[in-house]
Structures are given as structure tokens and as C-alpha cells.
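A short write-up of the structure that comes next.
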Amino acid sequence: MSTSNTILITGGAGFIGSHLVRLMVNKYPDYKIVNLDALTYAGNLENLKDIEDKPNYTFVKADITDADAMQELFAVHQFDGLIHLAAESHVDRSISNPMSFIETNIVGTVVLLNAARSHWGDFSGKRFYHVSTDEVYGTLGETGFFTEDTAYDPRSPYSASKASSDHLVRAYYHTYGLPVVISNCSNNYGPYQFPEKLLPLMINNIRHEKPLPVYGDGKYTRDWLWVEDHAEAIDLIYHKGVNGETYNIGGNNEWKNIDLVHQLCDVMDELLGRAAGSSRELITFVKDRPGHDRRYAIDASKLQNELGWGPKIQAEEGLRKTASWYLENTGWLERVTSGAYQEYYEKQYTED
Ligand code: NAD
Ligand code: DAU
């Protein structure tokens with residue numbers, strides 16, 4: 001796959017997408033990188049200010065559910081490959097509004113599959129890369145890991161929509177021979193993550209000395225991966241992965257939510273020059289997320305053994321870098337948390 005040079009990245013104005021777009025625009029000056037994004041509440045072109053004038057970068061504002069627009073885009077650009085990240089990504093929002101997840105994550109993915117299928121001739125040298133989540137595997141108990149062979153068992157509307165899109169991507173491989181590859185990744189963290197997600201939400205609340213809402217007993221476990229490590233894995237799999245295969249991506253970095261929040265509080269106290277322990281006092285246990293998956297943990301040995309990938313940034317360093325970035329970019333935080341986000345926050349955290 002090293003010859004592909006016009007690549008469509010969907011969702012490139014979002015959290016992970018913006019890191020991937022930046023990596024590929026800077027690393028491959030001879031490629032044409034087309035970033036397609038609908039700029040929903042989660043998409044922000046400010047995330048890409050440093051690369052927006054590069055000659056190998058183009059932005060297209062469009063909705064992946066718009067079949068005519070996607071067919072036209074494929075006709076105009078003659079893409080060699082597509083890396084598909086556009087999605088509704090927040091589990092809590094999927095509980096209050098499942099339909100937008102069905103539309104974007106399932107219908108939007110099929111629209112893109114159809115556009116690729118009808119414009120890619122005999123498919124030679126092409127690649128359709130679907131970026132997915134470990135949440136499709138459901139939940140783990142105290143032990144064990146998700147492997148690529150773990151049976152799907154999604155339990156939220158978000159994870160069910162992503163599982164459905166994974167199945168459809170595989171169906172296009174088996175039925176039509178479309179050259180596809182899928183990766184399923186654990187929780188990402190780092191700069192530009194929308195502050196509805198655990199870490200940036202806690203950072204923002206600590207700044208404002210607001211309560212830190214920990215769901216349930218706080219003993220839910222996630223495997224955290226530095227977002228740039230994920231972007232590097234995607235780049236590697238796009239170029240070196242095998243068609244029809246799935247690759248799990250994870251940080252080998254499990255934390256119970258409450259332990260992670262404690263660690264973050266201590267880092268924030270230090271960075272803000274506050275008394276040790278003061279941010280921990282803001283922690284408030286709130287009603288649990290319905291259907292909350294207890295534990296995710298990824299076995300990423302296939303990716304490590306076959307393609308030589310491993311995470312580079314460890315937890316303590318990553319947490320400090322993340323907290324520092326948000327404190328140095330309070331303007332960004334203020335802009336994305338104004339307006340409609342305030343309404344979402346009130347509804348999510350004050351209604352029974
Ligand atoms: P995000 O919510 O930050 O960004 C999603 C982007 O998609 C936004 O820029 C948004 O404007 C765009 N988008 C949404 N609907 C669209 C539509 N109909 N048409 C075009 N663009 C649209 O999400 P993220 O956290 O960056 O996640 C990116 C992808 O990675 C998603 O597919 C998600 O399922 C997957 N993923 C995320 C994580 C994580 O921890 N964040 C982990 C594993 C997998
Ligand atoms: O595992 C990969 C997934 O990680 C991605 O596919 C999703 O797109 C991404 O949003 C993320 O899903 P989570 O539900 O794990 O992330 P979130 O940041 O919403 O929550 C992380 C954990 O923290 C989870 O156990 C719920 C808990 N939590 C979350 C919020 C927002 C709280 O305790 N309080 C909160 O306010």
C-alpha cells in the first residue's frame with residue numbers, strides 16, 4: 001500500500017482525526033490529504049490551524065450521510081484510499097439520542113462503502129480503512145483481554161452502531177471483494193479532545209473548581225492510549241496492514257476511573273499551584289451511566305508482532321502533557337465549551 005497518494009480522511013477535524021491529518025500531511029508531502037468533515041459540535045478546524053495552508057492538504061465540509069455528495073467527491077478526487085473516522089463518538093449522547101449514531105455511524109459508513117465500491121474499478125491498490133473501537137467487544141470482568149477473535153457484544157447504542165458498521169465493512173470485503181482493514185482501539189487521550197469525555201471534562205471542571213462527576217462506584221476500568229500513538233498505529237496499518245484483517249490497538253495502560261481522576265487531580269494541583277489534595281475534594285460520585293461497561297482491556301500483540309507497533313508515551317507523562325496542554329489552551333477550551341455545550345452539560349449532569 002505504499003504507492004497510495006490521494007487519501008480521504010473522514011472526521012479529520014475531530015479529536016483523533018486532527019492528529020492523524022497532521023501526522024500524514026507533515027510526514028507525506030507528496031500525498032494529497034483530503035479531510036472531509038461535517039463540523040458537528042465535535043469538529044473544529046482550529047485543531048488544524050498549523051497545517052491548513054500546506055499544499056498537500058484540502059478541507060471539504062460535507063456530511064458522510066449525503067450519498068450524492070460522496071459519489072461526487074469520489075468522482076472528482078479519484079482517491080487511492082480512505083481512512084474513515086467520522087462518527088458520533090460519545091457514549092452518553094448515544095443514550096439520549098441513538099438515532100444520530102445510527103445515521104452517521106451506520107448509514108454514513110455504508111454510503112462511503114458504496115462510493116468506494118462504485119468508483120474504485122477492480123479495487124487494485126485501493127484501501128478502505130475503518131477506524132473502530134474496543135467497545136464492540138462488550139465488557140470484561142476482573143481479568144482477560146479483548147483479542148481480535150473476541151465475539152462482538154456491544155451494549156450501548158454507540159458501541160452497537162460501531163459494531164454494525166464493522167460488520168458492514170467486513171460484509172463488503174467478503175461479498176464484493178472491497179479491500180478493507182479495521183482497527184479497534186481503546187480510550188484515547190491528549191490535546192484537542194472535546195471536554196465531554198472524562199479527562200478533558202475533569203480538567204475543565206478542576207480549572208473552574210466545579211464538582212468532578214464520577215459515575216457509579218468509580219471502579220470502571222479503561223485502557224488509555226496517547227492519541228498520537230493511535231495516529232501512528234493508523235498510519236502503519238493503512239500502509240502495511242493486510243486486507244480483510246482486524247488489528248486491536250491499546251495502551252497496555254489500565255486505570256480504574258477513580259484512580260485516574262485522583263492522579264489527574266494531583267497533577268492539576270501541582271500545575272495550578274494549589275494546595276496538595278484540594279482538587280480531590282471536588283470529586284462527587286453521581287448516578288451511573290446506564291449499561292456501563294465494567295472493564296475494557298486490549299491485547300495488542302497482533303499489531304506488535306506483525307507490524308512492530310507499540311505505544312511510546314506512558315501514562316504519567318501523557319497525563320501531565322494533557323493537563324499542561326489544556327491549561328496552555330484555555331482559549332480553545334472556552335470556545336468549545338460555550339453555547340450548545342452548556343445546555344448539554346446541564347442536561348447530562350443535573351437531570352435525574
Ligand atoms: P470526535 O467526536 O472527536 O470526532 C468526530 C468527527 O467526525 C468530528 O470532527 C465531527 O465533525 C465528524 N462527523 C460527525 N458526524 C459526521 C458526519 N455525518 N459527516 C462528516 N463528519 C462527521 O471523535 P474521535 O474521538 O476523534 O473518534 C474518531 C473515530 O475514532 C470514531 O470513529 C470513534 O468511534 C473512533 N474511536 C475513538 C476512540 C476515542 O477514545 N476517542 C477510541 C477508539 C475509536
Ligand atoms: O474505548 C474506546 C471508547 O472510549 C471510544 O470508542 C469512545 O468514542 C470514547 O468516547 C471512549 O468511550 P468511554 O465511554 O470509555 O469514554 P468517556 O470519556 O465517556 O468515559 C470514560 C470512563 O469515565 C467511563 O467509564 C465513564 C466514566 N465517566 C465519564 C464521564 C464523561 C465518568 O465517571 N464521569 C464522566 O463525567
Side-chain angles (χ1 to χ4, degrees), residues 9-21 35-45 47-48 60-66 69-70 83-95 100-101 103-105 107-109 111-112 130-137 139 146 156 158-159 161-162 165-166 183-190 192-202 205 211-225 227 230-231 234 249-250 255-258 260-261 283-289 292-298 336 345 348-349:
I9 298 179
T10 71
F15 166 48
I16 300 169
S18 60
H19 288 277
L20 179 68
V21 166
N35 169 16
L36 180 148
D37 199 296
L39 300 181
T40 68
Y41 79 93
N44 186 352
L45 288 179
N47 302 356
L48 291 163
V60 177
K61 183 173 187 300
D63 190 320
I64 59 165
T65 64
D66 183 341
M70 293 307 104
I83 307 179
H84 175 36
L85 295 98
E88 288 293 339
S89 68
H90 193 45
V91 173
D92 292 323
R93 288 183 192 254
S94 83
I95 294 166
S100 60
F101 287 71
E103 282 159 1
T104 290
N105 300 358
V107 177
T109 299
V111 164
L112 292 169
H130 181 56
V131 175
S132 192
T133 171
D134 60 355
E135 299 201 8
V136 299
Y137 298 123
T139 187
F146 297 135
S156 74
Y158 164 70
S159 54
S161 71
K162 293 294 290 188
S165 59
D166 288 6
S183 59
N184 297 86
C185 186
S186 63
N187 287 61
N188 286 216
Y189 71 107
Y192 302 114
Q193 186 166 35
F194 194 84
E196 63 191 351
K197 307 289 199 294
L198 180 72
L199 282 172
L201 184 141
M202 297 293 173
N205 285 13
L212 308 181
V214 173
Y215 295 164
D217 65 2
K219 292 184 181 154
Y220 294 85
T221 301
R222 298 290 182 265
D223 169 11
W224 293 91
L225 179 67
V227 62
H230 187 192
I234 294 172
I249 310 173
W255 290 79
K256 286 192 171 51
N257 293 337
I258 189 65
L260 187 68
V261 172
I283 292 172
T284 317
F285 290 91
V286 299
K287 73 175 170 163
D288 211 345
R289 171 185 282 175
H292 200 168
D293 289 333
R294 193 64 171 165
R295 175 173 166 258
Y296 303 143
I298 282 275
V336 303
Y345 192 88
Q348 174 69 19
Y349 292 99

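Start at 1 and go down the list; that is how both ligands and their atoms are numbered.
Outside the 6.0 Å centre-distance limit, the rings of Phe15 and Phe194 are not counted as a close aromatic pair.
Remark: minimum distance from atom 18 (O) of ligand 2 to any protein heavy atom is reached at Leu198 N, 2.8 Å. Here the protein heavy atom with the shortest distance to atom 11 (C) of ligand 2 is Asn187 ND2, 3.4 Å. Nearest protein heavy-atom neighbour of atom 19 (O) of ligand 2: Arg289 NH2, 2.9 Å. At the shortest separation from atom 26 (C) of ligand 2 among protein heavy atoms lies His292 NE2, 3.4 Å. Atom 8 (O) of ligand 2 has Ser89 O, 2.7 Å as its closest protein atom, hydrogens excluded (heavy atom only).
Among residues two or more places apart in sequence or in another chain, the side chain to side chain contact (heavy atoms under 4.5 Å, CB included) test is passed with Ala297 by Leu140, Phe145, Glu254, Arg295. Legend: residues meeting side chain to side chain contact (heavy atoms under 4.5 Å, CB included) with Asn187, ordered by chain and number and at least two apart, are Arg222, Trp224, Tyr296. For the side-chain hydrogen bond (donor to acceptor under 3.5 Å, both in side chains) test, no residue two or more places apart in sequence or in another chain qualifies with Asp66.
One side chain, Asp166 or Ser132, offers a donor N or O that lies under 3.5 Å from an acceptor on the other.
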The test is ring pair (Phe, Tyr, Trp, His ring centres under 6.0 Å); show your working for Tyr220 and His292 and say whether it passes. CA-CA 8 Å; Tyr220 294 85; His292 200 168; 3.6 Å; yes
Take Asp92 and Arg289 through the test salt bridge (Lys or Arg N to Asp or Glu O under 4.0 Å) and record every step on the way to the result. CA-CA 7 Å; Asp92 292 323; Arg289 171 185 282 175; 2.8 Å; yes
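The 4.0 Å heavy-atom shell around ligand 1 contains residues Gly11, Ala13, Gly14, Phe15, Ile16, Asp37, Ala38, Leu39, Thr40, Ala42, Gly43, Ala62, Asp63, Ile64, Leu85, Ala86, Ala87, Ser89, Thr104, Val131, Ser132, Thr133, Tyr158, Lys162, Cys185, Ser186, Asn187, Asn188, ordered by chain and number.
Between Tyr349 and ligand 2, an N or O atom pair is found at a separation short of 3.5 Å.
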